[in-house]
Amino acid sequence: MKKMLKNYFMLAAALTMVMAMLCGCSNDATTNVDNGNDITTNVDDGNDTATNVNDSDDIATNVGNNFGTFTTVTDGKLIMATNAYFPPYEYYEGDAIVGIDAEVAQAIADKLGLELEIQDMEFGSIITAVQTGKVDMGLAGMTVTEERLQNVDFTTSYATGIQSIIVPEGSEITSVDDLAGHIIGVQLSTTGDIYATDEFGADYVEQYNKGADAVLALTQGKLDAVIIDNQPALSFVAANEGLIILDTEYAIEDYAACISKNNTDLMNAVNTALEELIADGTIQEILDKYITAE
Ligand code: GLN
């Protein structure tokens with residue numbers, strides 16, 4: 001009986017080996033099967049086995065693991081839209097777009113097993129790019145607003161922004177209350193633009209494509225003040241002589257990534273990844289790397 005059992009086990013072991021050789025699958029392994037079409041499916045069966053089946057239409061589907069099933073615009077990629085003139089959240093270092101948002105997006109992409117691609121565009125084009133499915137998400141120091149929520153969904157917030165007021169040294173503008181009747185520069189389509197236009201009227205607001213251009217106009221005496229988020233404000237003031245940031249907070253805001261309302265599965269996956277990165281301190285580390293306490 002003992003011998004029979006031993007033989008049985010030997011036979012079973014041999015069969016398992018043959019099966020494994022034939023189908024090329026085993027636990028703790030990644031199998032990629034490409035049948036020509038371009039859908040990626042990741043199935044997690046609890047054994048740390050990821051199976052990617054490439055079978056159609058440029059859609060990536062991840063099944064199982066913490067991130068559920070989701071699709072992205074391009075197989076295996078997470079495409080992020082940003083406006084790379086918003087330091088320290090996004091800016092160019094040579095040809096590369098770097099900064100807080102680039103690192104946050106990279107950490108999310110790593111968790112989801114995707115390659116990050118960053119597309120630079122005008123700030124005002126980001127929501128449309130997300131809505132029309134040209135990109136997977138927008139990450140651009142973007143403030144969550146009621147109006148934007150009608151067009152896109154936002155993830156959990158990962159940072160706080162403050163709308164600041166920049167004026168020339170010695171300006172008669174010393175608080176928000178002094179702004180009325182003055183010419184205010186803003187970056188087009190940003191919350192600074194929206195608030196200033198609502199509160200003071202379009203005649204008093206000059207819109208620029210880049211925050212840096214508004215600040216340049218301020219240094220040239222073409223504007224009386226610039227309303228912009230506090231972190232870029234700090235870097236623009238550091239780069240230009242003779243400007244100060246008023247000690248008043250015009251608005252306090254939440255920054256989050258925006259994702260299409262039609263892609264709740266991707267939203268859930270990105271949110272799960274982001275919440276894990278918040279919980280384990282990664283996001284705070286990234287923020288601390290770029291933002292030094294005042
Ligand atoms: N936080 C501002 C907004 O969402 C500005 C963002 C930006 O210029 N990148 O409108």
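We use all heavy atoms of the structure for the numbers below, so side chains are in, but hydrogens, waters and symmetry mates are not. Please read these numbers as outputs of a predicted model, since none were measured by experiment. In listed order, ligands and their atoms are each counted from 1.
Residue Asp229 approaches ligand 1 through these ligand atoms, each under 4.0 Å from one of its heavy atoms: 1 (N), 2 (C), 5 (C). Near Ala140, meaning under 4.0 Å from any of its heavy atoms, are these atoms of ligand 1: 6 (C), 7 (C), 9 (N). Every atom of ligand 1 with a heavy atom of Tyr255 under 4.0 Å away is listed here by number and element: 1 (N). Annotation for ligand 1: atoms under 4.0 Å from non-hydrogen atoms of Arg148 are 3 (C), 4 (O), 10 (O).
Among all non-hydrogen protein atoms, the one lying nearest atom 8 (O) of ligand 1 is Gln187 OE1, 2.8 Å. Protein heavy atom at the shortest distance from atom 7 (C) of ligand 1 is Phe86 CE1, 3.2 Å.
The distance criterion of under 3.5 Å between nitrogen or oxygen atoms is met by Thr191 with respect to ligand 1. Taking only nitrogen or oxygen atoms, main chain and side chain alike, Gly141 reaches within less than 3.5 Å of ligand 1.
Closest heavy-atom approach to atom 4 (O) of ligand 1 within the set Thr143, Ile162, Thr190: this belongs to Thr143.
Taking every heavy atom of both residues into account, Met267 and Asp153 meet most closely at CE-CB, 3.4 Å. For the pair Ala225 and Leu218, the tightest heavy-atom approach, listed with the atom from each and the gap, is N-CD1, 3.6 Å. Nearest heavy atom pair, residue Leu112 against residue Ala269, reads CD2-O, 3.9 Å. In plain terms, the two heavy atoms of Leu216 and Thr219 that are nearest each other are O-OG1, 2.5 Å.
Remark: side-chain polar atoms of Asp136 are paired, donor with acceptor, to backbone N or O of Val73 under 3.5 angstrom.
In this structure, the ring of Tyr85 has its center no less than 6.0 angstrom from the ring center of Phe123.
A salt bridge does not link Lys222 to Glu206: none of the charged side-chain nitrogens sits closer than 4.0 Å to a carboxylate oxygen.
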